[in-house]
Undergrad: 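Take this structure first; my questions come after.
Letters go in sequence order (proteins before strands), and every chain restarts at 1. These values consider heavy atoms only, across backbone and side chains, with no hydrogens, waters or symmetry-generated copies.
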Amino acid sequence: MIAQNIGFWIIATVMIFAALRVVTTNNVVHAALWLVVVLAGAAAQYILLAAEFVAVTQVLVYIGAVMVLFLFGTMLTRAKIGTESDLNNSYKKLGIPVALVMLVAMGVALVSSFGDEKLPQTATVVSTQEISDQIFGPYLLPFWALSFVLLAAVVGAIVLARKD
Amino acid sequence: MIGLLAEVPYWGQSLLRVLGGLVAVLLPAGTIVYVFLFKMMSFMQSRLGPMEAGPYGSMQLFAEVGKWLQKEDIVPDRADARIFKMAPIIVLVSTFLLVVVVPFGPDAWFTDFETGVFYALAVSSVSVLGILIAGWSSANKYSLLGGLRAAGQLIAYELPMVLAVMGVVIQAGTMNLQKIVVAQNTGSMFGIDAIGHPYVISQFFGFIIFMIAIQAELTQAPFDMPIAESELVSGYMTEYSGFRFLIFFIGEFATAGVFAMIASVLFLGGWGVPFTWFGWTSIDDVANWMNFAGPLIMFTKMMLLVFFIMWIRFSYPRLREDQLQKFAWKGLIPVALLNIMVTSILKVVF
Amino acid sequence: MTMLGDRQQLSYIASQAADARLNLELETEGMTLNIGPQHPATHGTLRIIARLDGEQVVWAEPACGYMHRGYEKLTEVRTFPQVTTLVNRIDWLGSFANEVPFILAAEKLMGVEAPTRAQYIRTILFELSRIANVSLFLGDLGVQLGAITPVFLAFRDREYVLNLIESATGGRFHPNFDRIGGLKDDLPAGWIDETRAVMKKLRGFCDQIEDLLFGNEIFQSRTRGIGVIPRDVALQYGLSGANLRASGVDWDLRRDQNLPMVWNKTDWKVWTHPDGDSFARCWVRLQETRESTKIVDQLLGAIPSGPVMAKVPKIIKVPEGEAWVSTENPLGEMGYYVVSRGDLGPFRVKIRSASFNNISITPWLLRGVYVPDIVTILASLYFILGDIDR
Amino acid sequence: MAKVPGLVKGLGVTLGTLFKTTVNGSNTVQYPHEKETPPIRSRGVIALHQDNCTSCMLCSRSCPDWCIYIEAHKELAPPRREGGKPRQVNLLDRFDIDYALCMYCGICVEVCPFDALFWSPEYEYSEPNISDLLHDKTKLSEWMETVPEAPELESGADKKKK
Amino acid sequence: MFVNQFLFLAAVLFCIGVYGVVARKNAVLMLMSIELILNSVNINLLTFSLRNGTTDGHIFALYIIAVAAAEVGVGLGLVLLVYRNKKTISVDDLSEMRG
């Protein structure tokens with residue numbers, strides 16, 4: 001458990017630092033790469049949370065596909081090599097208090113509701129079979145809905161990106 | 001490997017695992033480069049290939065590595081230096097992440113992921129990231145085009161690969177690579193136990209699709225437009241020199257080896273021989289010597305598959321980018337989907 | 001004037017056709033890609049400036065002259081025998097064929113004709129240099145399309161032809177064997193039999209290439225329907241050689257001209273192809289290589305005996321006059337317009353080389369194609385850089 | 001006639017070449033270890049037979065890139081016949097060919113009226129320093145040893161008068 | 001391991017994501033910030049799933065990943081379209097619908 005705790009804190013620190021860089025860096029491609037770090041960290045956290053399948057899906061979908069899409073998008077919109085000055089808008093000053101207020105509010109709420117409750121020690125890795133039983137059992141309807149969402153997204157993306 | 005090394009302390013295990021990973025990546029890569037790239041290609045072109053370094057040029061690879069290491073590590077002036085330097089390493093790391101799920105024997109494995117196949121497919125897509133940022137950060141139009149092409153191609157062929165694997169997963173009923181190996185070697189074809197049940201027979205279309213997708217993932221001809229030297233000079237590798245080019249080079253052939261290993265695990269029975277030959281019934285019966293014979297069997301199967309990959313590479317011209325995409329979306333994916341459908345129907349029926 | 005009007009109309013139609021191939025909604029920002037001067041696809045220092053939209057070419061133009069060696073000027077300060085050593089460097093892959101039209105032009109001015117035996121040997125060597133040239137094209141085609149094996153097979157079998165040329169002339173690449181009034185020397189003993197064997201090998205090579213490359217479905221899908229040059233456009237741009245024949249124009253100077261060479265004494269076929277695409281150009285060249293081996297085979301059996309040199313003075317002075325002779329070289333029509341003032345050397349020489357005209361069609365042809373197809377089209381147009389820049 | 005797909009045929013060609021190379025050996029020559037013999041007429045290097053040279057300068061003048069340098073002086077040699085006048089002969093001081101410039105066209109060999117220049121098929125004389133490619137008359141004379149006999153001619157040829 | 005350490009991490013990521021959405025002008029960067037928010041939600045879901053000993057959280061995490069992929073696909077399609085028509089992907093410049 002100690003090893004897991006140490007792992008958690010290291011990964012969490014890296015994730016938070018990377019997330020801050022995502023929203024502050026002045027280079028779009030760098031932001032995307034920092035986001036990769038956050039997502040990889042999240043996948044590691046999922047493994048700590050005994051969710052191997054979700055972690056692998058995270059790597060497959062996010063790092064393998066979504067981030068590549070992002071990089072594609074930035075490159076097709078002529079991301080410059082080097083920094084760009086006009087990535088932030090005039091609400092930048094407003095954003096910091098908003099985020100801080102939300103953080104404080106959530107922090108208070110979390111401390112008051114969970115205190116120092118611990119996660120169960122004897123967690124076994126959730127097997128793929130359990131997940132598939134759930135998906136194709138009680139959660140079948142959302143699964144269907146999701147399929148339609150994906151189909152709609154594919155069609156929509158093609159329609160949007162077509163030239164003619 | 002965990003089973004073998006139960007008494008070794010944890011740090012020793014880790015060290016051995018890292019070393020084993022290095023061997024599992026670099027040894028096949030070196031062998032492939034020498035046997036296929038240097039020798040087979042030359043023989044197919046009625047020449048002998050490198051002959052000077054060592055007997056029959058067998059030390060040529062070390063000479064080449066030495067040459068690359070000596071070269072200056074050039075970063076273009078307008079390139080994004082940090083990313084530029086990082087890109088090849090991401091590609092190679094993806095290969096190392098890939099090899100850790102491959103089982104080499106009953107107890108000779110690095111990790112035994114429950115979702116092994118899925119994991120392999122996931123981390124193989126990490127290399128796209130490296131290629132894409134290599135293309136972007138070089139500040140070169142050819143590199144950018146090459147990187148974009150590579151990314152488009154790798155994403156397009158990820159899909160048929162996943163779908164082709166799906167048939168195997170359905171048949172084996174597991175995503176664990178070790179269990180897939182066992183399922184193939186304990187099964188039987190047409191009531192004959194002696195050959196086991198390599199999925200290359202029952203999943204023939206899946207195998208073909210998987211091999212084509214591998215060919216594309218590895219950017220070997222006829223799918224080598226990302227590095228197409230006659231069009232894009234060298235694509236995303238154009239600006240790389242010395243040590244970093246070497247990493248790309250090793251990465252290319254190491255990934256070929258690892259993908260061939262995964263293909264042999266999925267379709268050719270991996271490290272195993274049909275268990276009935278020795279009267280084994282489950283993985284627990286398997287004799288201990290298979291831990292040493294297994295890697296060799298695996299290596300043989302891998303070389304066989306790489307032979308086909310390279311044979312095609314040396315014989316075919318390359319497709320055009322749009323033809324490649326068309327082939328993936330209109331040819332491979334529907335066939336793969338059909339394959340899954342037929343497989344699952346048959347699985348339910350029998 | 002009506003002629004001119006027709007031409008203008010035709011070129012207008014052609015440019016409209018090129019535009020129609022482009023997507024009209026070109027709103028994305030273009031990108032200018034310099035293909036060359038140092039690019040593997042240009043085998044030399046040709047530079048193609050292409051403005052791209054995505055991977056589609058909006059506008060392209062070849063920029064040549066990076067290797068201009070000024071042959072026309074150089075010939076003015078050389079004597080006639082010295083000029084042949086220069087001009088065989090123009091198209092360095094089929095160098096003997098470059099000497100022939102110049103020598104023929106000089107002979108025409110002097111009113112000399114080479115002995116029959118010399119004419120036969122000239123024709124054989126001419127065809128051998130065509131084979132050496134085009135077989136390399138067939139291999140190089142593979143490289144441009146990403147197949148690495150054909151080029152090595154091509155080098156392997158071209159070597160036999162080069163050995164033949166070397167053992168006859170002494171020069172592997174630059175024979176300088178043609179003389180005004182005949183040839184420098186006769187053939188060495190055993191040459192005819194060797195040549196027969198080599199021709200057989202080359203027909204085998206053609207079959208191999210056909211299996212390896214031309215029959216390959218990927219190759220066909222890369223070349224069929226790509227870079228189509230209609231008949232009219234091909235004529236307008238002054239294409240010649242296989243590029244013209246691939247557009248369906250039955251035009252071959254070897255057959256259509258009455259030169260003191262012996263092509264017309266053999267039985268061979270001028271291959272044409274109706275399609276005019278990249279595949280047609282490559283295919284016509286492949287067939288021509290086969291025809292050339294047949295021509296050589298037939299001529300080898302028919303070489304008459306006799307001298308190889310006509311009676312010409314030791315110091316050659318070409319009488320005053322002008323002459324134009326062109327032949328069907330491996331790359332297309334190659335001709336020399338020689339003006340002599342009765343000196344030791346020519347007063348002025350105008351060189352018409354095939355490649356320069358052949359690549360002049362690229363701005364028209366490359367509009368609307370994709371970047372990978374640029375390479376296919378350039379490869380199928382087949383130019384030698386020295387032949388463009390001279 | 002069943003049509004074999006071109007893709008399969010292509011694979012057959014490469015595999016066939018693979019076997020052929022394995023069985024028959026390659027078409028390449030492992031150069032420093034084994035050497036090809038160039039044809040007799042091959043233009044490798046020009047050899048000079050000093051005794052025949054009269055320093056008439058024909059070669060030097062007809063060279064298209066003027067890479068032959070000749071210097072000579074006149075001397076009186078003893079008469080051929082008893083009691084005759086002493087002959088005037090040209091003695092070579094310098095006969096250099098710059099192989100860095102030479103185009104290997106062979107015009108000099110051809111125009112030489114006294115058979116002083118010959119082609120030798122020798123080709124291994126590359127130098128690390130470009131100035132060493134200037135061969136002087138002693139070096140050019142050494143090449144004479146490698147000059148082969150002129151080849152037999154193909155049947156039907158007019159025999160040379162020599 | 002405490003429940004709260006995961007939840008706090010998720011909260012921090014969420015707030016960073018919100019800041020990003022508010023402060024960023026570039027549309028691609030805004031999409032990236034949304035990804036941060038979605039990931040923080042995923043961490044929460046999996047944490048509660050582990051705490052309660054059910055697998056429901058996993059299912060929803062998977063669904064969120066799938067929806068995020070769809071969202072990025074459509075989002076980037078929009079961005080490309082905007083870029084093609086306006087030559088910019090700055091959200092501030094897209095004020096035509098403001099009336």
Undergrad: Which answer fits B:M41, side chain, backbone, both or neither, if we ask what part of it has an atom under 4.5 Å from a heavy atom of chain D?
TA: neither
Undergrad: Show me the donor-acceptor pairs within less than 3.5 Å that the side chains of residues 151-166 of chain B make with the rest of the protein, sequence neighbours left out.
TA:
from	atom 1	to	atom 2	distance (Å)
B:Q153	NE2	B:A216	O	2.8
B:Q153	NE2	B:F223	O	2.8
B:Y157	OH	B:L324	O	3.1

Undergrad: For chain B, which of D:L11, D:L15, D:V29, D:L18 has the most heavy-atom pairs under 4.5 Å?
TA: D:L11
Undergrad: Compile the donor-acceptor pairs, distance criterion under 3.5 Å only, formed between chain B and chain D.
TA:
from	atom 1	to	atom 2	distance (Å)
B:F43	O	D:T21	OG1	2.7
B:S46	O	D:N27	N	3.3
B:E52	OE1	D:H33	NE2	3.3
B:E52	OE2	D:H33	NE2	3.0
B:W311	NE1	D:L11	O	3.2
B:W311	NE1	D:T14	OG1	3.1
B:S315	OG	D:T14	OG1	2.7
B:Y316	OH	D:L7	O	2.7

Undergrad: Can you tell which part of B:F307 gets under 4.5 Å to a heavy atom of chain D, answering side chain, backbone, both or neither?
TA: side chain
